[in-house]
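Everything below concerns the one structure shown next.
Below, chain A is the first sequence line, B the second, and so on; all start at residue 1.
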Amino acid sequence: MDIASKYSPTEIEDKWYAAWMEAKVFKSTPDEREPYTIVMPPPNVTGVLHMGHMLNNTIQDVLIRRARMRGYNACWVPGTDHASIATEAKVVRMLREQGITKADLTRDEFLKHAFEWKDKYGGIILKQLRKLGASADWDRTSFTMDSEYSESVIQVFCDLYEKGHIYRANRMVNWDPVAKTALSDEEVIYKEKNSFLYHVRYEIEGMPGEYVTIATTRPETIIADTAIAIHPEDERYTHLHGRRAIVPIVNRSVPIIQDDYVTMDFGTGALKVTPAHDVNDYEIGQRHGLEIIDSMNDDGTISDEMAVYQGMDRFKVRKQIAKDMEASGHLVEKEPYTNSVGHSERTDVVIESRLSLQWWLNMKNVSGPALEAVENGDVELIPGKFINTYRHWMGNVRDWCLSRQLWWGHRIPAYFIDGSEEYVVATSTEAALEKAKEKTGRTDLTMANLSQEEDVLDTWASSWLWPISVFNGLTQPGNAEIEYYYPTQVLVTAPEILFFWVARMIIAGFEYRDQRPFKDVYLTGIVRDKQRRKMSKSLGNSPDPLDLIADYGADSVRVGMLLSSPAGNDLLYDDALVEQGRNFANKIWNAFRLVKGWEIVDTEQQEREKIAIKWMKERIQEAGVEVDDHFDKYRLSDALMSMYKLIWDDFCSWFLEMIKPNYGDPISRQTQEESLEIFEELMKMLHPFMPFLTEELYHGMKERAEGDFICIAQQVQTKGSEAPILQEVELIKEAITAVRAFRAEKGLSPKEAIELYINSEKEALFQHYESVLVKFLNTSKIEFAKEQIDGTASIRVQSHEFYIPLGAIDVEAEKEKLYKEIEYTEGFLKIVLKKLGNERFVNNAPEAVVATERKKQADAEAKLEVLRKSLAELG
RNA sequence: GGGCUCUUAGCUCAGUUGGUUCAGAGCACCUGCCUUACAAGCAGGGGGUCACUGGUUCGAGUCCAGUAGGGCCCACCA
């Protein structure tokens, strides 16, 4: 047989993925088996695969493949999110490049462009996931703007409105002046920025030459000031009570008010109040009935209504007004200052607080069961530390701004009557008309009297239904699929969207199914580079996942990602990890070459072959339960590492070496067959991690029936093992290692045969494993002895001694070694004796602990005796 | 500012209820080997005051308090 000495993944991966698709092995339909369902967090429809997706989807694929091989009906539902603001921003940019501005288009024209874009680029990411080996049921691919999905989103909006949870209100919102839309609190990212604290003096009306000085980071909003606020108990300003001040530049007279919101020891203790442009100022304004002057347009430029700076950008105005006020003598000081400034998550532009009319969901009304579910473990967060964060957020949850001033998304199903502020909410225009007639008592109303709300819903107001709507659980309640697949098993996602998405899915789950949407939530870490920087396009520190797969193979990349990513911990990506994965793949590949390359002969099995097979089978039992345990706790890195060591160390380094015939010799048919069975079992255990390589080898081992794939083969449930052979072989391995170390130390070539004498109370045991010792140690003779033979060096393993003849022994060096060991053992014994001499220890510690200490004492004393005897023999 | 969390080998991390020689793993490193499965490999080896200080206990990497330094979340300071 001719097999290349290096594993080359590319063709093999394409071949098997195509075969799996052809055979529809990932397809799931409800049946009598227990379901294991995962809904894939839908990436943005126009997104491209990045390292975060790789980690996320690798984890999901490992879990789903394992479930599939353990008797579950595994169903992994893929799909994409319409991602309203992100996608709309992309489409706007694309149109601008074509010389088209959004403002010139009608809503319908814009949507036409958007859908064309979506059809062209949408879903690329899902195709990329196949390269990774993702075993999703692609026939189930969903999109949050599919017609039935959209129906469910509208249905839910109407229902929540009917229940009184949704309201429309004029409130301060986070405004994105580039996307020209409101954002939810969660979409605002605060960043530390170096700026200035401007100290500005306002003249007191009727007291020429008297000033009050305020401090602000946003001088451009001065033109919209409608008051100065001071603390009622601030003695510095008592003389200003009841006075008015003149706003610089615009010369407006505004009241000086007292409010205990003001912090006396910040800045100057006097605060300018701009109710239209700051949340806190707005609240002060409400308390004092202040005028609200909105000085800005929706794009962050100064409104034409204002007397100055019309049409100028807010940041230009900041510089200009500072200059102007310096010229007019109002600017007292410009102090460097660091503060945190809100930025739009999507466009990264500085957020403007702005008063506007939006749709809100009362979160307190609906979030109760979702908080409780996580508190009582009905929904389990992994790692558990996120429970605290979750509890804190849910306990202080604020109302959710649902509306976005965009076109790409689900249009809010509210209909205004005759252009007034009076409206009805309904799932269809027909239903809306009926409601409108009812509400107004006017039977003559027609569609022409109704105009639908222009705003669309926040993306998360559709994706929060994902686990339900991918099974049409809202539009067709009680259908077979939703009843079978829901609730799902586990959600794998990033902690950064715990509130955006996870919490809201739990809320929706209880509101609409009265059930959790998933049992477990596995929160992955963030993929960072070696310097712990987050991987990002702008830093250019993120490798292209597809290039990685092309260079190393998907299996290697999967292993690389999983090797260092315990749940909740960041993954510090390094090519070295993927190289380790590749090396592992190659190791397995070569083990396969070895086993398949032997010449076969029909002879009796040799003793060492029998031992090897028996031992390896027990090892698999033992390691299998360890792997199961890791999986139960979602410790995927540990599970993989257990497999890595089982294959590399136990299977390759010990098992294969034990059965390997001497060069040129054939192997017994039975041994080869049994080795292949063991190999196959290992490949099944490994398959969820390395699907392609294991599939290839599964078919390389023997002819398989059509439709027989390892990915749908069933793993044997391991039961653990405490067979004596495990401990016995451990002892033999220890002895072999000790002798090898001795040879290495003495510079003895492995080619040079040695004689070996064993002095042990367990002669029978060593006799039984003699063939193994011979195989590993290249011995010309093995005999038993009762005491050290002249002219030999001795090696101790536990209570057993091995003597190896040497031409010339360095007596002094041997003595030195013995001294050191005696010294160490004496020290050890001293500590043990001290413990045992302590009455309180003997009286208080559990018997078992005391017993082990006594055993330690006995062992150490026995060992010392042997060591001293050896020393004496050396003279 | 409030809450949570972390600090163990050069790096990334395990270490379950305090108790076996408990101080571990993988990688990296060092030494020797191109031994016909694999140099993407084999064999062997070195390496840690468990952040610091104190306490509880017969016994602390593990429990408690404080200190120092990271990280995360929330609120947000004009």
**Request:** Tell me what W598(A) touches on the nucleic acid: a base, only sugar-phosphate, or nothing, going by heavy atoms under 4.0 Å.
**Result:** nothing

**Asked** Using the C1' atom in both, what is the distance from rG3(B) to rU62(B), to the nearest Å?
**Response** 25 Å

**Request:** Tell me what L572(A) touches on the nucleic acid: a base, only sugar-phosphate, or nothing, going by heavy atoms under 4.0 Å.
**Result:** sugar-phosphate

**Message:** Would R619(A) pass as a cation-pi partner of W654(A), given that its NZ or CZ must be under 6.0 Å from the six-membered ring centre and within 45 degrees of the axis?
**Reply:** no

**Request:** Determine: side-chain N/O of N583(A) to OP1/OP2 of rG41(B), distance under 4.0 Å, yes or no.
**Result:** yes

**Message:** Measuring to OP1 and OP2 of rC33(B), would you say a side-chain N or O of K751(A) lies under 4.0 angstrom away?
**Reply:** no

**Q580(A) CD to rG41(B) C1', straight-line distance once rounded to whole Å** = 14 Å

**Message:** I want to check one thing: is the phosphate of rC42(B), taken as OP1 and OP2, less than 4.0 Å away from some side-chain N or O of W648(A)?
**Reply:** yes

**Message:** Please report the distance, rounded to the nearest Å, between CD1 in I647(A) and P in rA25(B).
**Reply:** 20 Å

**Side-chain donor-acceptor contact under 3.5 Å, Q857(A) with E853(A)** = no

**Closest to the S653(A) side chain, choosing from rG19(B), rA43(B), rG15(B)** = rA43(B)

**Asked** Less than 3.5 Å between a donor and an acceptor, one on the side chain of K385(A) and one on the base of rC4(B), is that the case here?
**Response** no

**Fill in**
Between CG of L577(A) and C1' of rA25(B) the distance, given in whole Å, is 14 Å

**Message:** Within the 4.0 Å heavy-atom criterion, would you say R854(A) contacts the bases, only the backbone, or no part of the nucleic acid?
**Reply:** nothing

**Prompt:** Which nucleotide, rA14(B), rA78(B), rA40(B), lies nearest any side-chain atom of R582(A)?
**Reply:** rA40(B)

**Asked** Across all strands, who's sitting opposite rU7(B) as a Watson-Crick or G-U wobble pair, both distances under 3.5 Å?
**Response** rA68(B)

**Request:** Describe the nucleic acid contact of T263(A) in one word from base, sugar-phosphate, nothing, applying a heavy-atom distance below 4.0 Å.
**Result:** base

**Asked** With a 4.0 Å cut-off, would you call D399(A) and R171(A) a salt bridge?
**Response** yes

**Message:** Applying the Watson-Crick and G-U wobble criteria at under 3.5 Å, what pairs with rG1(B)? Answer none if nothing qualifies.
**Reply:** rC74(B)

**Prompt:** What interatomic distance, in whole Å, is found between C1' of rU5(B) and the corresponding atom of rA39(B)?
**Reply:** 44 Å

**Asked** When you compare rC30(B) with rC73(B), how far apart are their C1' atoms, in angstrom units rounded to a whole number?
**Response** 44 Å

**Item:** N280(A) side chain near rC77(B) phosphate (N/O to OP1/OP2, under 4.0 Å)
**Value:** yes

**Asked** Looking for any heavy atom pair under 4.0 Å, which part of the strands does K660(A) touch: base, sugar-phosphate only, or nothing?
**Response** base

**Item:** Sugar-phosphate only, base, or nothing, as touched by D281(A) at under 4.0 Å among non-hydrogen atoms
**Value:** nothing

**Request:** Go through rU36(B), rC13(B), rA78(B) for me and flag the one nearest to the Y337(A) side chain.
**Result:** rA78(B)

**Complete:** From the candidates rG44(B), rG2(B), rA25(B), the one with an atom nearest any side-chain atom of A744(A) is rG44(B)

**Message:** Using a strict threshold of under 4.0 Å (side-chain N to carboxylate O), is an ion pair present between K534(A) and E496(A)?
**Reply:** yes

**Prompt:** Using a cut-off of less than 4.0 Å, is there contact between a side-chain N or O of Y190(A) and OP1 or OP2 of rC74(B)?
**Reply:** no

**Item:** Rounded distance (Å) that lies between atom C1' of rC42(B) and atom CG of N586(A)
**Value:** 14 Å

**Prompt:** rG45(B), rA39(B), rU5(B): which one has an atom nearest the side-chain heavy atoms of A741(A)?
**Reply:** rG45(B)

**Request:** Inspect the contact between R533(A) and D529(A) and indicate whether a charged nitrogen and a carboxylate oxygen are less than 4.0 angstrom apart.
**Result:** yes

**Item:** Separation of atom CZ in F841(A) from atom C1' in rU20(B), rounded to whole Å
**Value:** 11 Å

**Message:** Looking at N339(A), I'd like to know whether one of its side-chain N or O atoms comes within less than 4.0 Å of OP1 or OP2 on rC76(B).
**Reply:** no

**Request:** Quickly work out the I387(A) CD1 to rC73(B) P distance and round it to whole Å.
**Result:** 18 Å

**Prompt:** For the base of rC76(B), is there a side-chain donor-acceptor partner from S340(A) under 3.5 Å away?
**Reply:** yes

**Message:** Hydrogens and angles aside, do D575(A) and Y573(A) bring a side-chain donor and acceptor to less than 3.5 Å of each other?
**Reply:** yes

**Request:** Report which part of the nucleic acid S749(A) touches: base, sugar-phosphate, or nothing (heavy-atom distance under 4.0 Å, all strands).
**Result:** nothing

**Asked** Do Y202(A) and V247(A) come within less than 4.5 Å of each other through their side chains, counting heavy atoms only?
**Response** yes

**Request:** Report yes if at least one side-chain N or O of R740(A) is closer than 4.0 Å to OP1 or OP2 of rG44(B); otherwise report no.
**Result:** yes

**Message:** Quick check for you: among rC77(B), rC13(B), rC58(B), whose closest atom lies nearest to any side-chain atom of N569(A)?
**Reply:** rC13(B)

**Asked** Rounding to the closest angstrom, what is the interatomic distance between rC4(B) and rA23(B) at atom C1'?
**Response** 29 Å

**Message:** If you compare every side-chain N and O of R532(A) against the phosphate oxygens of rC72(B) (OP1, OP2), does one of them come in below 4.0 Å?
**Reply:** no

**Asked** Which part of the nucleic acid, if any, lies within reach of G560(A) when heavy atoms closer than 4.0 Å are counted: base, sugar-phosphate only, or nothing?
**Response** nothing

**Message:** Need one value for Y552(A): base, sugar-phosphate or nothing, where a base atom within 4.0 Å counts as base even if backbone is also close, heavy atoms only.
**Reply:** nothing

**Prompt:** What nucleic acid atoms does N396(A) come within less than 4.0 Å of, heavy atoms only: base, sugar-phosphate, or nothing?
**Reply:** nothing

**Prompt:** T389(A) has a side chain; which of rA40(B), rC72(B), rC73(B) sits nearest to it?
**Reply:** rC73(B)

**Asked** Looking at K775(A) and E609(A), does any basic side-chain N land under 4.0 Å from a carboxylate oxygen?
**Response** no

**Message:** Would you say H199(A) and T268(A) are linked by a side-chain donor-acceptor pair, where the criterion is simply a distance under 3.5 Å?
**Reply:** no

**Request:** Nearest whole angstrom, please: distance from the C1' of rC73(B) to the CZ of F499(A).
**Result:** 6 Å

**Message:** What's K6(A) touching, base or sugar-phosphate or nothing? Going by heavy atoms closer than 4.0 Å.
**Reply:** base

**Request:** Look at all strands and tell whether R743(A) reaches a base, only sugar-phosphate, or nothing, counting heavy atoms closer than 4.0 Å.
**Result:** nothing

**Prompt:** Taking atom types as they are modelled, is there a donor-acceptor pair under 3.5 Å from the base of rA37(B) to the side chain of E657(A)?
**Reply:** yes

**Prompt:** Checking all strands, does V273(A) fall into the base, sugar-phosphate, or nothing category for heavy-atom contacts under 4.0 angstrom?
**Reply:** nothing

**Request:** Have a look at R593(A) and say if it touches a base, only the backbone sugar-phosphate, or nothing, with a 4.0 Å heavy-atom cut-off.
**Result:** sugar-phosphate

**Complete:** Nearest-nucleotide check on RNA chain B, E745(A) vs A576(A); residue mapping nearer the 5' end is A576(A)

